[in-house]
Amino acid sequence: MAHTTSRAEGAFLGLACGNALGLPYETIWPAAKIRTLSGGSIRDIPDDESSKPWDDETAHAMILADLLAKTGGTNPRLFAERLLQWRDANGRGMGVLTEKVLDEIEGEVDPLEASEEASERLGRNWSAGNGALVRAVPIAIFIHAGNADRAHLVHLATDATRTTHWNPLCVGSTVAYALALSDVLEGKTCDFPTLAEALGPMGFPEAVAQAVSGARLPLSAFQLDGKQKGFALKALQVGLWALHAEGSTEEILEQVILEGGDTDTNAAIAGASLGARHGVESLPERWIAKIHQPELLRKAVAELSIKRPA
């Protein structure tokens, strides 16, 4: 039986709304330029977005949600096969790292082997992209339904991330964000020092715990439009920052996008945080009406929220 909560639905639809809201500014990067072009106001999703396929952040969350609902796991081979199908269908917004790994996997290379090799070729910093962070959202919802404990959450998030993003900074960021969201979905306040401390024994780079500890800084401190604009740790900090930021969902997402950088991913992560924190009612109806197939997003949450037999 499904037990869909407003927080779970808010997290998933918030991801899609933030993704679509930030998408028009994705390639602009500098905050000053975005402020000039937008006039300092970003409150509406483009009218034609509903007719376009989901961008990669929303698409990957949907693919993983379907895999979790049907199999109860995040098997890298099965996940990679579904990502290949998505790439061949449209692949809208696909990141460079994901594309490189999927090209290798298509050649019958094991997904984890291809992912590790791509990470090594690109180096630690260049392979630490934020593309896998949204995968924390369906995992946290799955856990929220009582389908696994927090220890298993780490396993699910690790496999889902490593399928394309082997770098431990990416894995640690996804795990940290999934743990934070799981608390918020339960109506709890995520305590950043406690979360940072919990990450220590897991063997992730110290930079992940430091990013968590620094997430209460002002948004401008993250320098989202600076070097490494698509850095996993920056997206993690945006997601955590949104869990305590003051203001309406519209105000906070506008603030995130106006900071520049990888606007679609940052806004997707922030949107998920805000939806999980305040529920689906906090998302403007006009936004939901403009995202692609919101009914399928709601269905994905319902299927994730079904309690599986032990």
### Message
Within the structure provided, determine whether Pro294 and Leu296 are in side-chain contact (heavy-atom separation under 4.5 Å).
### Response
no
### Query
What is the minimum heavy-atom distance between Ala267 and Ile257, and which atoms define it?
CB-CG1, 3.9 Å
### Query
Would Trp29 and Tyr25 show up in the same hydrophobic cluster when neighbours are defined by side-chain heavy atoms closer than 4.5 Å?
no
### Query
Does the pair Ile105 and Leu83 meet the rule for a side-chain contact (heavy atoms from CB on, under 4.5 Å), with working shown?
CA-CA 10 Å; Ile105 293 170; Leu83 289 174; over 6 Å; no
### Task
Working to the nearest 0.5 Å, report the span between CG of Asp66 and CZ of Arg82.
6.0 Å
### Message
Quick one: does any side-chain atom of His292 pair with a main-chain N or O of Lys52 as donor and acceptor, under 3.5 Å?
### Response
yes
### Message
Under 6.0 Å from the ring centre and within 45 degrees of the ring axis: does the NZ or CZ of Arg216 meet both conditions for the six-membered ring of Phe192?
### Response
yes
### Task
Quick one: pull up CG in Leu224 and CD1 in Ile34 and give me the separation to the nearest 0.5 Å.
10.0 Å
### Task
Any chance you could measure Phe231, atom CZ, to Gln237, atom CD, to the nearest 0.5 Å?
9.5 Å
### Query
Going by distance alone, is a donor N or O of one side chain under 3.5 Å from an acceptor N or O of the other, for Asn75 and Asp159?
no
### Query
Hey, is the main chain of Ala268 close enough, under 3.5 Å, to the side chain of Asn19 for a donor-acceptor pair?
no
### Query
Looking only at side chains, do Thr263 and Glu26 share a donor and an acceptor under 3.5 Å apart?
no
### Message
Do Pro111 and Val101 have side chains that approach each other closer than 4.5 Å (heavy atoms only, starting at C-beta)?
### Response
no
### Message
Is it the case that the side chains of Arg135 and Thr164 hold a donor-acceptor pair, with the cut-off being a distance below 3.5 Å and no angle test?
### Response
yes
### Query
Taking the six-membered ring for Trp, is the centroid-to-centroid distance between Trp86 and His60 below 6.0 Å?
yes
### Query
Can you hop from Leu84 to Leu64 via hydrophobic side chains spaced under 4.5 Å?
yes
### Message
In the structure I gave you, are the side-chain heavy atoms of Pro46 and Pro24 within less than 4.5 Å of one another anywhere?
### Response
yes
### Query
Going hydrophobic residue to hydrophobic residue with side-chain gaps under 4.5 angstrom, can you get from Ile42 over to Ile28?
yes
### Whether Trp287 side chain and Arg43 backbone form a donor-acceptor pair below 3.5 Å
yes
### Query
When rounded to the nearest 0.5 angstrom, what is the spacing between CD in Gln255 and CG in Asn266?
12.5 Å
### Query
Looking at Glu250 and Pro284, what are the two nearest heavy atoms and their distance?
CG-CG, 3.7 Å
### Donor-acceptor side-chain pairing of Glu186 and His144 below 3.5 angstrom
yes
#### Entry: Closest contact, heavy atoms only, Leu304 versus Leu68
CD2-CB, 3.8 Å
### Task
Would you please name every residue forming a side chain to side chain donor-acceptor pair (under 3.5 Å) with Glu106, sequence neighbours left out?
Arg87
### Task
Using distance alone, with no hydrogens and no angle criterion, decide if Ser220 and Glu259 have a side-chain donor and acceptor under 3.5 Å apart.
no
### Message
With clusters defined by side-chain heavy atoms of hydrophobic residues (ILVMFWY) lying less than 4.5 Å apart, directly or transitively, does Leu181 cluster with Met202?
### Response
yes
### Heavy-atom donor-acceptor pair, Arg277 side chain to Ala242 backbone, under 3.5 Å
yes
### Task
Step through the shown structure and confirm whether more than 12 heavy atoms of other residues, nucleotides or ligands are within 6.0 Å of NZ on Lys290.
yes
### Query
Does the side chain of Trp241 come within less than 4.5 Å of Leu219's, by heavy atoms?
yes
### Exercise: identify the closest heavy-atom pair between Ala65 and Phe12
CB-CZ, 4.0 Å
### Message
Set out, in order, the CA-CA distance, both residues' side-chain angles and the distance that settles side-chain contact (heavy atoms from CB on, under 4.5 Å) for Leu67 and Ile63, then state yes or no.
### Response
CA-CA 6 Å; Leu67 182 63; Ile63 291 166; 5.7 Å; no
Return a table of donor-acceptor pairs under 3.5 angstrom between the side chains of residues 170-180 and protein atoms on other chains or two or more places apart.
| residue | atom | partner | partner atom | Å |
| --- | --- | --- | --- | --- |
| Ser173 | OG | Leu169 | O | 2.7 |
| Thr174 | OG1 | Thr161 | OG1 | 3.1 |
| Thr174 | OG1 | Cys170 | O | 3.1 |
| Tyr177 | OH | Ile269 | O | 2.9 |
| Tyr177 | OH | Ser273 | N | 3.4 |
| Tyr177 | OH | Ser273 | OG | 2.8 |

### Message
Counting only heavy atoms from other residues, nucleotides and ligands, does the tally under 6.0 Å from CD of Glu104 exceed 12?
### Response
yes
### Message
Which residue in the set Ile291, Thr265, Asp264 passes side chain to side chain contact (heavy atoms under 4.5 Å, CB included) when paired with Asp55?
### Response
Asp264
#### Entry: Donor-acceptor contact present, side-chain Ser6 to main-chain Val280, <3.5 Å
yes
### Query
Which atom pair, heavy atoms only, marks the closest approach of Gly72 to Phe142?
CA-CZ, 3.8 Å
### Task
Side-chain contact test, heavy atoms from C-beta onward, threshold under 4.5 Å: evaluate it for Trp54 versus Met62 and give yes or no.
yes
### Message
With salt bridge (charged side-chain N to carboxylate O under 4.0 Å, His left out) as the criterion, how do Asp183 and Arg150 come out once you've worked through the C-alpha distance, each side chain's angles and the decisive distance to 0.1 Å?
### Response
CA-CA 10 Å; Asp183 280 343; Arg150 286 169 68 87; 3.1 Å; yes
#### Entry: Contact check, side chains of Leu15 and Leu297, non-hydrogen atoms, under 4.5 Å
no
### Query
Any ion pair linking Arg92 and Asp56 (charged N to carboxylate O, less than 4.0 Å)?
no
### Task
Test side-chain contact (heavy atoms from CB on, under 4.5 Å) on Ser115 and Thr163 and set out the steps.
CA-CA 6 Å; Ser115 182; Thr163 302; over 6 Å; no
### Query
So, does Glu116 use its side chain to make a donor-acceptor pair with the main chain of Trp166 at under 3.5 Å?
no
### Separation between CG of Asn167 and OG of Ser119, rounded to the nearest 0.5 Å
4.5 Å
### Task
Taking all heavy atoms of Ile141 and all of Ala8, pick out the closest pair and write down the distance.
CD1-O, 3.5 Å
### Query
Quick one: do Met94 and Leu23 end up in the same hydrophobic cluster if we chain Ile, Leu, Val, Met, Phe, Trp and Tyr together by side-chain heavy atoms under 4.5 Å apart?
no
#### Entry: Candidate pair Glu81 and Leu78, rule side-chain contact (heavy atoms from CB on, under 4.5 Å), full reasoning
CA-CA 5 Å; Glu81 289 174 354; Leu78 295 177; 3.9 Å; yes
### Query
Taking the side chain as C-beta and beyond, is there a heavy-atom pair between Ser248 and Ile252 under 4.5 Å?
no
### Message
With rounding to the nearest 0.5 angstrom, report the NZ to OG1 distance, Lys100 to Thr98.
### Response
11.5 Å
### Task
Measure the shortest side-chain to side-chain distance between Val212 and Leu240 over non-hydrogen atoms and say whether it is less than 4.5 angstrom.
yes
